[in-house]
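One structure is given here, and the rest of the page talks about it.
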Amino acid sequence: MASTQHVLLSPAELAYLHASLSLTPPIRPDGRSPTQFRPLVAETGILPGTNGSARICFADGTEAIVGVKAEVERTRTRHDFPSLDESAEDDDDLDDNQNEVIKGDNDWVEMTVEIPGYRDDDAGTVFLSAMLSEALLADGEFTKRLWINQRFHWKLYLDILLISPPLSYPLPLLSLTTHLALLAARLPRLKSEGDEDPLFDDDWAAAPYLYPRPSEKGSKATAPAPAAARPPVTLLVMAVGNNIIFDPSKEELAVADVALAVSVGESSSSTTSTTSSKPTAMDIDTEETKGHNLRLLSVRTIDPPSRLTPPGIPNASNSAYGANAGAKDAEKKKQQQEQARTAESEAVEGVWKAPRGGAKTLVMATMVQKVLEKGGVADEVLDALDGVDLN
Amino acid sequence: MPLDTSAYSLALLRVDGRRWNELRRIHAQIRTQAAADGSSYLEMGHTKVMCVVNGPSEPGPRRGATSGGGGGGGQSKNAEVAVNIVIAGFSSVDRKRRGRGDKHILELQSTISQALAASLHTHLFPHSTINISLHVLSQDGSLLAALINAATLACVDAGIPMTDYVAACTAGSTSTYAANDEGADPLLDMNHQEEQELPGLTVATLGDSDRVAVLVCESRVQVSRLEGMLAVGVDGCKQVREILDRVVREKGIKMIQEGTVERGVGLNDMELD
């Protein structure tokens, strides 16, 4: 859907944009540096009726609201045969070192994306929510936070609303808003013990955060050390030639050779990932850093809208510019067709041609590396999101 | 949760401490969203609604379920008013998800579409569509009224010519349909708890006049009480109109002071303080 949105630019404009973005350093239409993000407005805790909520406005005017709502649900008693599943058995062994087996299930999180003007079963909407929930569930750590006791668990509903019309591909906006809403989310404090029916503290001020703050002293000491200190962030990265450009605007995305959605999570410093059982998630651990210990959760290629743009016609084969003016007989016409075919396959300087084929492996690797590197973009984004007042 | 009507007759105070003729707090903002042609945010008590208007524009490919209640299709002489309501899953106390094909939502959409199509000068924009998308963030009664008010504000912000504000409000009665209580008082602006228990109606009027643009009553009510309820509702609409008008004027003054728009010729009588 939105990724293949029509941008009303002529082939000449596209060619110009592509040329200026493939310079070193690239010149972006709004004068940003390749890794610079546009300013955004963010607030949290806007809806008292939810467990956590956030609203973000991007500079291009797109706006999203995310509300997190939790309900207590009875855990289905499962008759697991550990021998059936090797990885499940491994997990059990790991957890048996603690006295309780804390297990999560991906069904405990339900995510819906609402985009005005699009049906909720539209392929693009479903793909967006799948990408966002995939990043959240990739390491299997998140659902463990929803565990109450052997019999009960929290069911978390994440409702993502895009308020504005989808002007640009809304993935980064929705991801950042979800991130903030989850950071602001709190669940009531459990008063009951063991496997009895859960009873919660009425005092909302005493409710612990779903993602405990490091600055909080009381709750952090008692809670079991969480593996991921904060929810994942999905960033949109695009490449033009060998240039890697972050936070592309709609016009920039229209000339992208490759577009990637890279989901990055943060793990606490001590745990190195051993949960590489998920086939969809690639786990690459970066070195210990002072700032954030980043971890790649998933990478998805986005079909860039540039593939659907109309190609330009070089002057050599454009009859309006006198090409083949003398073509009269059939033989010359045939020649003309052949010329047109070569013109379609060969790149002509300054003439727009929609990118074809896959991305270069080297470019893809650089894109992912640029996200993950120390003091890189993901680090910067997470630092910036730290500045948002959560209450 | 039954409303204790006996308590009302003792102190003449409602569950949230209001008198019979008091509105809840109404807070509104316009131009909340930079990318849209018009936008608004409205709170009536705990009911919170956002509205985004796009258009009048060329009708795009028809997608999803839009109700074309007001004015015909894209080929007609009048602009089509397409209303799209999204009720967020987190808006009510218990999470309840409603699909787009929900009959209740479809009815709300066509009601709002028809009400606005009558007030907007749609004949000025032939072969075009005015897209109004409404987002319900929090629900606590008087949903239709809040949606109509928010849509009106957003249309004002979008600069679509209209005859006057369409201001809406709810009214109810202090005793249930079954209770044959002669001295039942009408109530203004019902919250969710009262809506569950008592008969009520939503009324919208056109500007300062007593002309009713929308009248929706979904509960059983005795005919003798209807007149009183309607009178109170129409009176409430006038109060709501004042509030909406103030919001628009304040924003207008602010925009002139900030230099966003130039001071027009007709604005000399407006107080800029």
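- Of the atoms belonging to A:Val66, it is backbone heavy atoms, and not side-chain ones, that fall under 4.5 Å from chain B.
- Residues that satisfy the side-chain contact (heavy atoms from CB on, under 4.5 Å) test with B:Ser219, not counting sequence neighbours, are B:Pro199, B:Cys217.
- At a 4.5 Å heavy-atom cutoff, the contact between A:Glu71 and chain B is made by side-chain atoms alone.
- The closest side-chain donor-acceptor pair between A:Thr112 and A:Asp159 falls under 3.5 angstrom.
- Interface summary for chain A: among B:Ser91, B:Ser92, B:Gly89, the most heavy-atom pairs under 4.5 angstrom belong to B:Gly89.
- A side-chain donor-acceptor contact under 3.5 Å links A:Asp60 and A:Ser168.
- Contacts between A:Ile46 and chain B at a heavy-atom distance below 4.5 Å involve the backbone alone (N, CA, C, O).
- In this structure, the side chain of A:Thr177 engages the main chain of A:Leu173 through a donor-acceptor pair within 3.5 Å.
- Partners of B:His121 according to the ring pair (Phe, Tyr, Trp, His ring centres under 6.0 Å) rule, which considers only residues two or more places apart in sequence or in another chain, are B:His123.
- In this structure, the side chain of A:Arg28 does not engage the main chain of A:Arg32 through any donor-acceptor pair within 3.5 Å.
- Pairing each heavy atom of A:Lys69 with each of A:Asn51, the nearest pair is CA-OD1, 3.7 Å.
- Heavy atoms closer than 4.5 Å to chain B are found in the side chain of A:Leu161, but not in its backbone.
- The side chain to side chain donor-acceptor pair (under 3.5 Å) check on B:Arg18 picks up B:Asp16, with sequence neighbours excluded.
- Scanning residues 30-42 of chain B against chain A with a 4.5 Å heavy-atom cutoff picks out B:Thr32, B:Gln33, B:Ala34, B:Ala35, ordered by number.
- Between B:Lys251 and B:Asp157 there is no salt bridge, since none of the side-chain N atoms of the basic residue sits less than 4.0 Å from a carboxylate O of the acidic one.
- The part of A:Thr62 that comes within reach of chain B is its backbone (N, CA, C, O), which places non-hydrogen atoms under 4.5 angstrom from that chain.
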